[in-house]
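Structure, as structure tokens:
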Amino acid sequence: MNINSPKLIIPVIQAALVSILFLGSYAFAENRIPVPAGVFYHRFAARANVASAVWTNPAALGNGQTSNLQLIYDYRDGEFKRDWGFSLSGNRMGYAYRKIDQSSFGLADSVDYTEHTFALGIARDPKLSMGVSYRYVKNGPELFRKRHSWNLSALYSQSRKVTIGAVIANLNRSKLNGEKSDFEQTYSISVKPILKKILYINAEMSLSNLQNLRQAVYRLGFDYSPQPSWSLFGMWSDSREIQIGLRWNSERSYAGVQGRYGDFSNLTSVGSYVGMEGSR
């Protein structure tokens, strides 16, 4: 694949947005297989790093110069559940495992959700990287069980101030109710307004191929590091969800927590994580 001009990503994303606007306006039904809430604490596709790339945007693996191991565990409904997972990445490749307790689905006949994800990133230019991932859900409620999903992504750094991310998921469009399911799209932008401050303002839009822009889910957020040893994360969604996170960093290890709030106020779960990075 020849990726000699990073400027190509801009017209590609613009064309995709135009197709969403016009094709989505004629859609009357949706046939979607959503990723269960809480599979991963949120990170914006334009701000994905090596630790979150397998789940969020595999293109970020293309720029990864370090190896990374991250363990995650969730606190929900007043107790620690069997919600845990890990991601392992290095040499532009990654693997992640996730397990979610059946009680989170509220179904009498449900089983624990278990997911395996494999990812690869390629960077042919310092500004542009591409990624591909394959997600396989081994167990879970019937909607998810034995599901396969192929996903493509891109990450483009226009400058030190602006980064653009795009993820297209479920390209294989496995059948649901006898018909092909929709593929999912996420477009994200991250802006660093002041170079001397470690502050990023992030925005994101997610929708299926049969939705128009008015039906999309929009998110706004920030990443802020007042000191190198710790950082803050915030995300607001028009689907009435808020996530707030705090992360502590040392030279090669880190730990953090991130709470999820439904209806803007009700704490639904807290994701905790620890990780280690290899040397550059």
Side-chain angles (χ1 to χ4, degrees), residues 6-7 9-14 16-17 20-21 37 40-64 70 121 123 126-131 153-169 184-207 213-249 254 256-265 270-271 273 275:
K7 294 181 180 179
I9 195 66
I10 301 299
V12 168
I13 292 177
Q14 289 175 338
L17 291 174
I20 294 165
L21 180 62
F40 191 69
Y41 57 87
H42 189 77
R43 283 294 180 270
F44 289 86
R47 283 285 297 152
N49 53 25
V50 175
S52 62
V54 178
W55 279 295
T56 305
N57 186 348
L61 294 172
N63 296 321
Q70 181 177 124
K127 291 186 176 182
L128 175 65
S129 60
M130 309 293 288
S153 68
L155 193 62
Y156 172 55
S157 298
Q158 187 177 23
S159 66
R160 295 177 62 191
K161 289 186 175 183
V162 181
T163 303
I164 299 170
V167 181
I168 313 296
E184 305 292 331
Q185 304 163 101
T186 297
Y187 301 97
S188 177
I189 185 170
S190 179
V191 178
K192 189 177 183 181
I194 306 174
L195 285 177
K196 293 183 179 180
K197 298 289 185 180
I198 310 301
L199 170 66
Y200 296 88
I201 305 300
N202 311 308
E204 195 168 79
M205 174 183 70
S206 297
L207 70 169
L213 298 179
R214 290 175 297 177
Q215 297 170 307
V217 173
Y218 293 91
R219 304 179 188 92
L220 295 174
F222 67 88
D223 288 281
Y224 177 51
S225 299
Q227 296 180 6
S229 59
W230 63 283
S231 58
L232 295 168
F233 172 86
M235 186 276 290
W236 170 91
S237 168
D238 66 352
S239 62
R240 302 187 64 81
E241 180 188 17
I242 293 175
Q243 293 194 22
I244 300 173
L246 174 66
R247 170 169 161 159
W248 171 83
N249 309 283
Y254 57 90
V257 294
Q258 188 158 315
R260 305 181 184 95
Y261 296 83
D263 291 328
F264 297 146
S265 60
V270 177
Y273 57 91

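Just so you know, these numbers come straight off a predicted model, no measurement behind them.
Within the structure, every pair that satisfies the salt bridge (charged side-chain N to carboxylate O under 4.0 Å, His left out) test and touches residues 222-240, not counting sequence neighbours, is listed here: R47-D223, R240-D263.
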Problem set entry | Residues W236, Y261; criterion side-chain contact (heavy atoms from CB on, under 4.5 Å); working and verdict | CA-CA 10 Å; W236 170 91; Y261 296 83; over 6 Å; no

Exercise. Does the pair W230 and L246 meet the rule for a side-chain contact (heavy atoms from CB on, under 4.5 Å), with working shown?
Worked result: CA-CA 7 Å; W230 63 283; L246 174 66; 3.7 Å; yes

For this session: Just do the ring pair (Phe, Tyr, Trp, His ring centres under 6.0 Å) check on F40 and H42 with the steps written out, would you?
Result: CA-CA 6 Å; F40 191 69; H42 189 77; 9.1 Å; no

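By the 4.5 Å heavy-atom criterion applied to side chains, I168 and Y187 are counted as neighbours. Counting heavy atoms from C-beta on, the side chains of Y156 and T163 never come closer than 4.5 Å. Two residues are said to be in side-chain contact when any heavy atoms from C-beta on lie closer than 4.5 Å; Y218 and L213 meet this criterion.
For T56, the side-chain hydrogen bond (donor to acceptor under 3.5 Å, both in side chains) criterion is met by no residue, not counting sequence neighbours. With sequence neighbours excluded, no residue satisfies side-chain hydrogen bond (donor to acceptor under 3.5 Å, both in side chains) with Y273. R260 meets the side-chain hydrogen bond (donor to acceptor under 3.5 Å, both in side chains) test with S269; sequence neighbours excluded. When the side-chain contact (heavy atoms from CB on, under 4.5 Å) test is applied to A53, the partners found at least two apart in sequence or on another chain are A60, L61. Remark: S229 engages no residue in a side-chain hydrogen bond (donor to acceptor under 3.5 Å, both in side chains) (not counting sequence neighbours). For the side-chain contact (heavy atoms from CB on, under 4.5 Å) test, residues two or more places apart in sequence or in another chain that qualify with S225 are I198, S231. Under the rule for a salt bridge (Lys or Arg N to Asp or Glu O under 4.0 Å), R247 has no partner lying at least two apart in sequence or in another chain. Partners of Y254 according to the ring pair (Phe, Tyr, Trp, His ring centres under 6.0 Å) rule, which considers only residues two or more places apart in sequence or in another chain, do not exist here. With sequence neighbours left out, E241 forms a salt bridge (Lys or Arg N to Asp or Glu O under 4.0 Å) with no residue at all.
Atom OG of S265 is separated from atom CD1 of I242 by 8.0 Å, given to the nearest 0.5 angstrom. Between I189 atom CD1 and E204 atom CD the span is 11.5 Å, to the nearest 0.5 Å. Separation of atoms CZ (F222) and CG (N202) is listed at 9.5 Å; rounding is to 0.5 Å. For the atom pair CE of M130 and OG of S153, the computed distance is 7.5 Å after rounding to the nearest 0.5 Å.
Remark: side-chain polar atoms of S129 are paired, donor with acceptor, to backbone N or O of A59 under 3.5 angstrom.
Residues P193 and L199 come closest through the heavy atom pair CD-O, 3.5 Å. Between A48 and S52, the shortest heavy-atom distance links the atoms CA-OG, 3.7 Å. Closest heavy-atom contact between A216 and L207: CB-CB, 3.8 Å. Closest approach of L155 and A45 over heavy atoms only: CD1-O, 3.6 Å.
Remark: the Q243 side chain and the R219 side chain contain no N/O donor-acceptor pair separated by less than 3.5 Å.
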